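Scroll down for the structure; my scribbles are underneath it.
Computed from a predicted structure; not experimentally measured.
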Amino acid sequence: MSSTIYIGKYIDSGSKNTFYHIVGSNRQYGFKAFPTKDKACWSYNVQKELSLVTAAPFVASEVGRITLKETNQLSRWGYITEVATKVRYCDRPNCCCDPWNNEKGCKNLKRINELTDIMDSMGLCFTDGHIANFGMVKRKNKKIMVLIDT
């Protein structure tokens, strides 16, 4: 990352990373932090490759660290990425848009399967296809679903 100082405000945590909003970016960019530099580098490479085929949010920096607003300390290793908005579940009761549960009629299932196929074609095994691992980004004035859990 360049010598620019980025300040991150905690937003959310998953099982493997933590997401911070980049203060002053008007919620357009966030920082994904990982437990180790190796995991950050691996995720960075996967997300960057997926973003080239419109399957993941844009990556906006190299792997590095940012200052955390709450503690004024450096974060764990990660990278700046475009923020994706949450995917809306189906209108059907109890639909989780999980391709492994054969959610027939799920309006998101076709795109989830497309994204899973893209991962497979890259030689990556993606077995965590629940709706919380996907988000929406705008491309050519149209919202599309992308993978956010890399």
Steps toward side-chain contact (heavy atoms from CB on, under 4.5 Å) verdict (L147, F134) | CA-CA 5 Å; L147 180 66; F134 298 91; 3.8 Å; yes
Measure the spacing between CG of L115 and CG of D149 and express it to the nearest 0.5 Å.
-> 12.5 Å
Just how far is it from atom CG of L50 to atom CG of N45, taken to the nearest 0.5 Å?
-> 11.0 Å
Please check if any side-chain donor atom of S43 sits under 3.5 Å from a side-chain acceptor atom of Y79, or the reverse.
-> yes
What distance do I66 atom CD1 and S75 atom OG have between them, rounded to the nearest 0.5 Å?
-> 5.0 Å
May I have the step-by-step check of side-chain contact (heavy atoms from CB on, under 4.5 Å) for T67 and Q73, ending in yes or no?
-> CA-CA 5 Å; T67 301; Q73 295 180 347; over 6 Å; no
Qualifying salt bridge (charged side-chain N to carboxylate O under 4.0 Å, His left out) pairs with a residue from residues 136-148, counting only residues at least two apart or across chains | E82-R139
List the steps and the verdict of side-chain contact (heavy atoms from CB on, under 4.5 Å) for L124 and V46.
-> CA-CA 9 Å; L124 301 167; V46 170; 3.8 Å; yes
Partner set under side chain to side chain contact (heavy atoms under 4.5 Å, CB included) for D120, not counting sequence neighbours | T116, D117
Which residues pass the salt bridge (charged side-chain N to carboxylate O under 4.0 Å, His left out) test with R111, sequence neighbours left out?
-> E114
Cut-off 3.5 Å, no hydrogens considered: what does the side-chain donor-acceptor table look like for residues 28-39, sequence neighbours left out?
| residue | atom | partner | partner atom | Å |
| --- | --- | --- | --- | --- |
| K32 | NZ | Q47 | OE1 | 3.3 |
| K32 | NZ | I148 | O | 2.8 |
| K32 | NZ | T150 | OG1 | 3.4 |
| T36 | OG1 | K39 | N | 3.1 |

May I ask you to test the I144-V146 pair for a side-chain heavy-atom distance under 4.5 Å?
-> yes
Whichever hydrophobic residues join F58 through chains of side-chain contacts under 4.5 Å | none
Is there a side-chain contact between M145 and I112 (heavy atoms, below 4.5 Å)?
-> yes
Not counting sequence neighbours, which residues clear side chain to side chain contact (heavy atoms under 4.5 Å, CB included) with E49? List them please.
-> M122
Return the minimal non-hydrogen interatomic distance between P57 and S51, and the atom names on each side.
-> O-CB, 3.4 Å
Atom CG of L68 and atom CZ of R76: how far apart are they, to the nearest 0.5 Å?
-> 9.5 Å
